[in-house]
Amino acid sequence: MEILVTGGSGYIGSHTCIELLNAGFEVIVVDNFCNSNRQALERVRKITGKKLKIYEIDLLDREGLCDVFYHNSVKGVIHFAGFKAVGESVQKPLHYYNNNLGSTITLCEVMQEFGVKKMVFSSSATVYGPTETVPLKEEIPLEATNPYGRTKLILEQILQDIHVADNEWSTTFLRYFNPVGAHESGLIGEDPNGIPNNLTPYITQVAIGKLNKLSVFGNDYPTHDGTGVRDYIHVMDLAVGHLKALDQVLTNNGVNVYNLGTGQGYSVLEVIRTFEEVTGIPIPFEITGRRPGDIAISYADPTKARLELGWHAQKGLEDMLRDAWRWQEMNKEGYLSKDRLIP
Ligand code: NAD
Ligand code: UD1
């Protein structure tokens, strides 16, 4: 069965392609490579020993996308493509609204035209806004505090409206918490541009010697050690979650939403300590001021995904950090590494 994966060359998309190929799906990737490297998909081929079709197309290119649907018998879509940097979205809101909303609308129009009405959509825990009522359940009121978050909130609403107008549509929104880690081969992983914004890539770049020390953004939060608490989730667990959601959209009609998190929160200091324990590498850090926009604590209630999708996270923080480190160690410069140990 042919599944279209938009943004399939990106961090979460590439890991999900592995699970799809291993499960016997035929994978068609559409990506414009604006935030990813073709190498990722080469390595997906290497890891799985299976082929996948790759189209270098911007999702805003309606004709190009129609061509993909015309030449393939797509049965469902996993839609990862989009911009994802919160800070950048505040600087360039139009860029974010145009890309994230425009590309999804174009995609849905083309899907409708070709009678493909099954979609798994990448949402985010960012739609819960600044609430500190944890654990976060799917049904609490939603709020966005920046343009990136607003694109996710608006897209969830648009996709619901599409189902109301045509109940053959089946869409599952997956609200990811904090995706980290890498495939256990060390061949694919997260490859941020420039200096990382997120905690774990920052830590691995300190460990490899690219950055001097980590800034811990505040130790005066109302948490057990004063530092921010998050629900880190292994990217391969997320990948498995997408297969469960795909199964749901292919076999049911309706709109569903699930948190994908472990349900367990860890503080910044706990992440640092665990990284040091599993790798034996000390991480120098200093406590600095809070980062604007950060909240104290966020973790999922993942019960709904367990009960309705039969999914729960299998991997713990140690696995996440060990795998993130393996990827970093094998690919000092990410996919551009010349010193990589890849055969
Ligand atoms: P990523 O940037 O690694 O992957 C996104 C991919 O989409 C990239 O390969 C990029 O080139 C492609 N893309 C972007 N715009 C496109 C367009 N117009 N046409 C074609 N391709 C396009 O991001 P990711 O971390 O893999 O995230 C995947 C999805 O999950 C995104 O929608 C993101 O908002 C969402 N999400 C990510 C996180 C996270 O922390 N990584 C958390 C919550 C939600
Ligand atoms: C960020 C995004 C969120 C996205 C998530 C997962 C913001 C405001 N939010 O969330 O939309 O879904 O990434 O990719 O950008 N920290 C440090 N030092 C650092 C980096 C982070 O102390 O150098 C702390 C943060 O204050 C936070 C924790 O580490 O307490 C995790 O931060 P990060 O990885 O950036 O994720 P979020 O802020 O949860």
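Treat the numbers as computed from the prediction; the structure is a model and nothing was measured. Side-chain atoms are counted along with the backbone in the values below, which use heavy atoms only and exclude waters and symmetry mates. Counting starts at 1 for both ligands and their atoms, following the listed order.
- Ligand 1 lies out of reach of Leu60, whose nearest heavy atom is not under 4.0 Å from it.
- Annotation: atom 18 (N) of ligand 1 to nearest protein heavy atom, Asn99 OD1, 2.7 Å.
- Compare Phe177, Tyr148, Phe80 by their heavy atoms: the one nearest to atom 28 (C) of ligand 1 is in Phe80.
- Close N/O approach between Ile295 and ligand 2 is not found [any backbone or side-chain N/O within under 3.5 Å].
- Distances from ligand 2 to the non-hydrogen atoms of Gly293 include no value under 4.0 Å.
- Contacts between Asn198 and ligand 2, counted as non-hydrogen atom pairs separated by less than 4.0 Å, involve both the backbone and the side chain.
- For ligand 1, the atoms closer than 4.0 angstrom to any heavy atom of Gly10 are 3 (O), 4 (O), 9 (O), 26 (O).
- Phe69 and Ile105 fall within a single hydrophobic cluster, where Ile, Leu, Val, Met, Phe, Trp and Tyr are joined by side-chain heavy atoms under 4.5 Å apart, directly or via other members.
- A donor-acceptor contact shorter than 3.5 Å is absent between the side chain of Asn259 and the backbone of Gly261.
- Ranking protein heavy atoms by distance to atom 3 (O) of ligand 1, first place goes to Tyr11 N, 2.8 Å.
- At least one donor-acceptor pair under 3.5 Å links the side chain of Asn331 to the backbone N or O of Gly186.
- Of the protein's non-hydrogen atoms, the one nearest atom 12 (C) of ligand 1 is Asp31 OD1, 3.3 Å.
- Counting heavy atoms under 4.0 Å from ligand 1, residue Ser123 touches it through the backbone alone.
- Asp31 places no side-chain N or O within donor-acceptor distance of the main-chain N or O of Ile57, the cut-off being under 3.5 Å.
- Of the heavy atoms in Lys152, only side-chain atoms (C-beta onward) come closer than 4.0 Å to ligand 1.
- Ring geometry, Tyr148 versus Tyr96: the interplanar angle exceeds 60°, so the pair is classed perpendicular (tilted spans 30 to 60°).
- Counting only non-hydrogen atoms, the option in Ser103, Ser14, Gly82, Pro192 that gets closest to atom 5 (C) of ligand 1 is Gly82.
- For the residues Thr227, Asn197, Thr223, the heavy atom positioned nearest atom 20 (C) of ligand 2 is part of Asn197.
- For atom 18 (N) of ligand 2, the closest non-hydrogen atom of the protein is Ser215 O, 2.7 Å.
- Looking at ligand 2, you won't find any N or O of Thr200 less than 3.5 Å from one of its N or O atoms.
- Considering both main-chain and side-chain atoms, Tyr176 never comes within under 3.5 Å of ligand 1 through any nitrogen or oxygen pair.
- The protein atom (non-hydrogen) at minimum distance from atom 20 (C) of ligand 1 is Asn32 N, 3.3 Å.
- Nearest to atom 25 (O) of ligand 1 by heavy atom, out of Arg38, His15, Lys84, is Lys84.
- Atoms of ligand 1 found under 4.0 Å from any heavy atom of Ser36 (numbered from 1 in listed order, with element): 8 (C), 9 (O), 11 (O).
- Annotation: Phe217 places an N or O atom under 3.5 Å from an N or O atom of ligand 2; distance criterion only.
- Asp301 places no side-chain N or O within 3.5 Å of a backbone atom of Pro135 that could act as its donor or acceptor partner.
- The protein atom (non-hydrogen) at minimum distance from atom 2 (O) of ligand 1 is Asn35 ND2, 2.7 Å.
- In terms of polar-atom proximity, defined here as any N/O pair under 3.5 Å, Asn178 does make such a contact with ligand 2.
- The proximity of Phe33 to ligand 1, defined as any non-hydrogen pair under 4.0 Å, is limited to the backbone.
- Not one N or O on the side chain of Asn198 forms a donor-acceptor pair closer than 3.5 Å with the backbone of Pro201.
- Proximity of Tyr11 to ligand 2 is not established, as no heavy-atom distance is less than 4.0 Å.
- Arg326 places a side-chain N or O within donor-acceptor distance of the main-chain N or O of Glu184, the cut-off being under 3.5 Å.
- Here the protein heavy atom with the shortest distance to atom 39 (C) of ligand 1 is Pro179 CG, 3.6 Å.
- Of the candidates Arg230, Lys213, Arg291, the one placing a heavy atom closest to atom 35 (O) of ligand 2 is Arg291.
- Heavy-atom distances between Asn198 and ligand 1 stay at or above 4.0 Å for every pair.
- Looking only at atom types and distance, the side chain of His183 has no donor-acceptor partner in the side chain of Asp323 under 3.5 Å away.
- The protein heavy-atom contact nearest to atom 24 (C) of ligand 2 is Val268 CG2, 3.6 Å.
- Side chain of Asp191 to backbone of Tyr335: a donor-acceptor contact under 3.5 angstrom is found.
- For ligand 1, the atoms closer than 4.0 angstrom to any heavy atom of Cys34 are 10 (C), 11 (O), 13 (N), 14 (C), 15 (N).
- Comparing Asp294, Ile297, Thr288 against atom 25 (C) of ligand 2, the shortest heavy-atom distance belongs to Asp294.
- Under 4.0 Å from ligand 1, not a single heavy atom of Asn178 appears.
- With salt bridges taken as basic N to acidic carboxylate O contacts below 4.0 Å, one links Arg62 and Glu109.
- Here the side chain of Arg290 pairs no donor or acceptor atom with the backbone of Asn219 at under 3.5 angstrom.
- More than 12 heavy atoms of other residues, nucleotides or ligands lie within 6.0 Å of CD in Glu277, so this atom counts as buried by the packing criterion.
- Atom 4 (C) of ligand 2 lies below 4.0 Å from none of the non-hydrogen atoms of the protein.
- Using a 30° and 60° split on the angle between ring planes, Phe121 and Phe173 fall in the perpendicular class, above 60°.
- Hydrophobic clustering (side-chain heavy atoms under 4.5 Å, transitive across Ile, Leu, Val, Met, Phe, Trp, Tyr) groups Val68 together with Met119.
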